[in-house]
Amino acid sequence: MRALNRETANEAAGVDAQPDGPVKVLQIGEGNFLRAFVDWMLHVSRSKGGFNGTVAVVQPRPTGRAKIEQLAAQDGLFTVVTRGLEGGKPVERREIVTVIGQAFDPYAEWERFIALAREPELRFIVSNTTEAGLRYEPGPLGDGPIPSFPGKAARLLYERWRAFSGDPRRGLILLPCELTERNGDVLRDAVLRHAADWGWPEAFREWVAQHNRFLNTLVDRIVTGYPEAEQAESWFAAWGYRDAMLTTAEPYHLWAIEGEPELDDELGLRKAGLNVHYTDDLAAFRERKVRILNGAHTWMAAIGLLHGIGTVREVLEHPALGPAVREAVYGEIVPAMADADGALRAYADSVFERFANPYIRHRLSDIAMNSLSKFRVRLLPSLVWYAERGGRIPPRLAEGLAGLLRCCRVQPDGSGGGYASQALDGTTIPVRDDAGLLAIAADHWRVAEQGEGISGAVRRLLADERLWGCDMSRWPGLAETASAIIENWERGVKS
């Protein structure tokens, strides 16, 4: 069976895969997420007469060479299978994405990468280099490839400034997709620091700041990547071609961009019916994702692991925990958010539909990583809302807190720095979190077990501002409620 390329795409699927139009987007990142998110969106837009250009793709790190070479061997083509639930009903759709015009290794073809700066119709740079990839890393300029993404962006902008004599109309729009708050601001600051490090003219730095736009964005889509081998082979047999770059994704997608709606005149994403929003403030989009989606994840991770449950969907299907997590979201988290209204409940509905996707196996052990710091951002603000108003302790949020506190009843696991806890049935649970914070939690539990018991441990933990940034033991009833929940769990196991 032949591999996917322009010829086989036409023969097997009747797809005209000849890329048409100038390079308008440079994409730093060859991974599954950008391909099933940005490239797929641009493909949909172009198929409906919106976006009229092509994408050039390079990988951010040398380790991505094999994947970029495979993409190039397939003429930039790949298949996205979208599968999941829509309106409670299962869906499965296949699309061959044809928007990539070129894909190459910038470490092997550095001059080709630099030449993109001179493309007159280049307009956008998109990226997904992970949060670590967006950080500023000082280093020499040199004549060859620059390791960091901000360094690459700085060099590309400098060559563009030189090539077009600082023409204000030739500035670019940068849309970083890394999951870093204010990611556009972070990228801009790193680029300007590189420009200063390398002694580039003040006029260039002014051009970067005034005529290029580093837009903050928020992205959301679960991209599950290459499927299991049996499923892939079944699809290939049905399609009549093989695709080494095949990726799968859920139906839900969101791209919120801090910019004016007129940007869509060039991208055509919203006009194509995609869930893209242009806004003057990302805060509301970020808050609802962090508080509702991520908050539900953090709520269920510790409790689920304590009860021997392995995945998100299994929590939803559990006779007690399934209703409990819904009560936490609809009854306690949503009411504690600014401007709580039907839109937030509708978003929560979409979250639970995503959680129930039968094609996604989202492990609680992965979600539970760094739960202490996640709790401070995801669930603590909702608890604070109730505490500041002097109302009753919200029982489901208290239950989520109790689950985290009980999971932090840890001891060194003997691996030289690692920690482990125990599920309610005695099974070992590896706990992956900041070692310093886990050491603090272990000390509180150890002292309390010498005489103060569970209630003493809980009070000690809640009072330690190193864990939460505040003293939660001051809130009337919280320590007592969390202690009672843990004690009931322990009694339930013994009985």
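Salt bridge E452/R459: absent, no basic N to carboxylate O contact under 4.0 Å. Taking a cutoff of 4.0 Å between a charged side-chain nitrogen and a carboxylate oxygen, D220 and R288 do not qualify as a salt bridge. In this structure, E449 does not pair ionically with R446, as no charged nitrogen and carboxylate oxygen lie closer than 4.0 Å. E30 has no carboxylate O lying under 4.0 Å from a charged side-chain N of R65, or vice versa, which leaves the two without a salt bridge. Salt-bridge check for R396 with E332: failed, with every basic side-chain N at 4.0 Å or more from each acidic carboxylate O.
Atoms OG1 and CD, on T279 and E260 in that order, are 11.5 Å from each other to the nearest 0.5 Å. Atoms CZ and CG, on F113 and L156 in that order, are 5.0 Å from each other to the nearest 0.5 Å. Within the model, atoms CG of L293 and CZ of R378 stand 8.5 Å from one another, a figure rounded to the nearest 0.5 Å.
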Salt bridge (charged side-chain N to carboxylate O under 4.0 Å, His left out) evaluation trace for E258 with R286: CA-CA 12 Å; E258 206 167 72; R286 181 172 294 280; over 6 Å; no

Exercise. Evaluate the criterion side chain to side chain donor-acceptor pair (under 3.5 Å) for residue pair D105 and Q59; output intermediate values, then yes/no.
Key: CA-CA 6 Å; D105 177 2; Q59 87 272 20; 2.8 Å; yes

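Side chain of R291 to main chain of A336: a donor-acceptor pair is present (N/O by atom type, distance under 3.5 Å, no hydrogens or angles). A distance-only check finds no donor-acceptor pair linking the side chain of R354 to the backbone of G84 [under 3.5 Å].
Remark: R221 is positioned above the aromatic ring of W40, its terminal NZ or CZ atom under 6.0 angstrom from the ring centre and at most 45 degrees off the axis.
Not counting sequence neighbours, S373 has no partner by the side chain to side chain donor-acceptor pair (under 3.5 Å) test.
Aromatic ring centres of Y158 and W198 lie farther apart than the 6.0 Å criterion allows. Aromatic ring centroids of H277 and F285 lie under 6.0 Å apart.
The list of ring-ring contact (aromatic ring centres under 6.0 Å, His included) pairs with a residue in residues 293-336, not counting sequence neighbours, reads H297-F355, H297-H362, H307-W489, Y330-F352. Pairs engaging residues 385-441 under the ring-ring contact (aromatic ring centres under 6.0 Å, His included) rule: none recorded [sequence neighbours left out].
Nearest heavy-atom pair across L461 and L467 is O-CD1, 3.7 Å.
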